[in-house]
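Worksheet: the structure to be examined is printed underneath.
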2 protein chains.
Amino acid sequence: MPTYLSALVDLAAEEYPHVSSDHLARLVGANPATVRRDLAALDISGTRGLGYDVKYLLHEISVALGLSQDWGVVIVGAGNLGRALANHEGLTQRGFPVRAILDIDPALVGQSVGELSVEHVDDLGAIVADRGVSVGVIATPAQEAQRVADLLESVGIRSILNFTSTALVLDEQVQVRRVDLATELQILSFYQTRTSAARAGTGLPLEGSDGS
Amino acid sequence: MPTYLSALVDLAAEEYPHVSSDHLARLVGANPATVRRDLAALDISGTRGLGYDVKYLLHEISVALGLSQDWGVVIVGAGNLGRALANHEGLTQRGFPVRAILDIDPALVGQSVGELSVEHVDDLGAIVADRGVSVGVIATPAQEAQRVADLLESVGIRSILNFTSTALVLDEQVQVRRVDLATELQILSFYQTRTSAARAGTGLPLEGSDGS
DNA sequence: TAGATTGTTAATCGATTAACAATC
DNA sequence: TAGATTGTTAATCGATTAACAATC
């Protein structure tokens, strides 16, 4: 669904007044029927014979994606990764301003990271309450991840982006996305191993079940 | 598929000689039939009445995941993110040693990043050939991503991990995984927006098509 | 009215899983 | 032999897509 957004931004920039499901489908590499069904699921309707109003579509999808509001972000873990994420300009640009970066290590507290300075994780509750934070990013060592997640949950965070390899166990109300570098690389090497093996004529199957 | 691995490592550590598809399924949160089908797809067979040999399974899955060899990594882009990735210990640990970090900016070339120092992107071909690099990581600004990807493809890289928001167009032989922070956050906010809307009783549908 | 395109039903496809004969 | 568990077929489920009547 987020895929539609950039295509629509382009269309709006080119001042297309309307777009057909067929056109949109080609832009995002999907099937026209799927596009219509997706939009219908968001209660967005078009005009028969004409298509969808681009500006209206853009607005409605932004709302559906929650982009009509800012989502304050707190980053827990001020190591290399945490600091890199805090400096990532793309985030604020796309409606996810980083409001704080925390660590448990007193030696790091007070260090400056871009425009922020590292704060202590003990202040999480107050920070979340005061600064309109609604997303937590976990950039700690894997062993700390569950503890941090519990802490985030306890202060009311309902959206977590987890950069560790730990599979978190949380209330189902809490949405978690995991971004694990090594797993991504393993998936790449898995595909590559399979296709090379297939080319080399060994018995490894090309058609497997999933690839996940 | 990569999911099985850590469960198996644990089992091996506890010296379980055999594991049933049922047991393994519970560990990875899947269905026993799916586990059996997955393993069969990798030409791994078990013993009726007994289950699968844990050590054998671990070995075969490692091979299938390509983990029996190291996959040298080159990082293109020595900004905050590139440097953080280069310092990520987890990578070498899991069989993905970072062999080089490159940038196009002469001011960055020569700077040290952990044990490496930044090299110029013009040397990519030689570096890939000499150091057994098989995975490229793109950590440049989004506008440069396609150019870098073309370059990586041209020097024979077949596995790319793309940290920009650009959708890359490459030969289908080249496996690409995208890790886009803002998109991940958008997905979180999308879910959160939907569920809050549903709780608030507005018309936003809880049952949609995909959520991607 | 003729052409275009939606909204939606029904068909298709693929993936998941239940079930069970084979067999250790 | 009795119990357990695989390997695989057939049933189920869900998601995708073709097709077309409704209608702008």
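Everything quoted here is computed from the prediction, not taken from an experiment. Numbers restart at 1 for each chain; the letters A, B, ... are given by sequence-line order, proteins then strands.
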Basic-acidic side-chain contact under 4.0 Å: B:E115, B:R99:
no

How long is the line joining CZ of A:R36 and P of C:dT8, in whole Å?
11 Å

Would you write out the dot-bracket form of DNA chain C, 5' to 3', with Watson-Crick and G-U pairs under 3.5 Å, [ ] for crossing pairs, | for pairs to other strands and . for unpaired bases?
..||||||||||||||||||||||

Side chains of A:L116 and A:V98, heavy atoms from C-beta outward: is any pair under 4.5 Å?
yes

Calculate the interatomic distance between B:Y16 atom OH and D:dT5 atom P; express it in whole Å.
12 Å

Any residue of residues 44-58 of chain B with a heavy atom less than 4.0 Å from an atom of DNA chain C:
B:T47, B:R48, B:G49

A:L42 has an atom CG; how far is it from atom C1' of C:dG7, in whole Å?
15 Å

Atom pair distance, as rounded to whole Å: CG in B:D43 and C1' in D:dT6:
15 Å

Can you see if the side chain of B:S21 gets near the phosphate of D:dT6 - specifically, an N or O under 4.0 Å from OP1 or OP2?
yes

So, A:Q192 versus B:S159: side-chain donor-acceptor pair below 3.5 Å or not?
yes

Any salt bridge linking A:R94 with A:D70? Criterion: basic side-chain nitrogen under 4.0 Å from a carboxylate oxygen.
no

With a 4.0 Å cutoff (strictly under), does any side-chain N or O of A:T34 reach OP1 or OP2 of D:dT16?
no

In terms of side-chain heavy atoms, does A:Q175 have a donor or acceptor partner in A:R158 at a distance below 3.5 Å?
no

Looking at residues 25-33 of chain B, who's got a heavy atom less than 4.0 Å off DNA chain C?
B:N31, B:A33

Exercise answer: donor-acceptor pairs, residues 132-147 of chain B side-chain atoms, under 3.5 Å, sequence neighbours excluded:
{"unit_1": "B:Q146", "atom_1": "OE1", "unit_2": "B:V169", "atom_2": "N", "d": "3.0"}
{"unit_1": "B:Q146", "atom_1": "NE2", "unit_2": "B:D150", "atom_2": "OD1", "d": "2.9"}
{"unit_1": "B:Q146", "atom_1": "NE2", "unit_2": "B:V169", "atom_2": "O", "d": "3.0"}

In this structure, how many angstroms lie between the C1' atom of D:dT17 and the CG atom of A:D38, rounded?
13 Å

For B:H59, check side-chain contact (heavy atoms from CB on, under 4.5 Å) against everything at least two apart and list the hits.
B:V63

Spatial distance of atom OH (B:Y4) from atom CG (B:D38) [nearest 0.5 Å]:
3.5 Å

Min side-chain heavy-atom separation B:L27-B:L11 under 4.5 Å:
yes

Side-chain atoms of B:R37 come closest, of C:dT6, D:dT16, C:dT16, to C:dT16

Enumerate the side-chain hydrogen bond (donor to acceptor under 3.5 Å, both in side chains) contacts for residues 20-30 of chain B, please, sequence neighbours excluded, ordered by first and then second residue.
B:S21-B:R36, B:D22-B:R26

In this structure, how many angstroms lie between the C1' atom of C:dG7 and the CG atom of A:D22, rounded?
15 Å

Strictly by modelled atom types, are A:Y16 and A:D10 linked by a side-chain donor-acceptor pair under 3.5 Å?
no

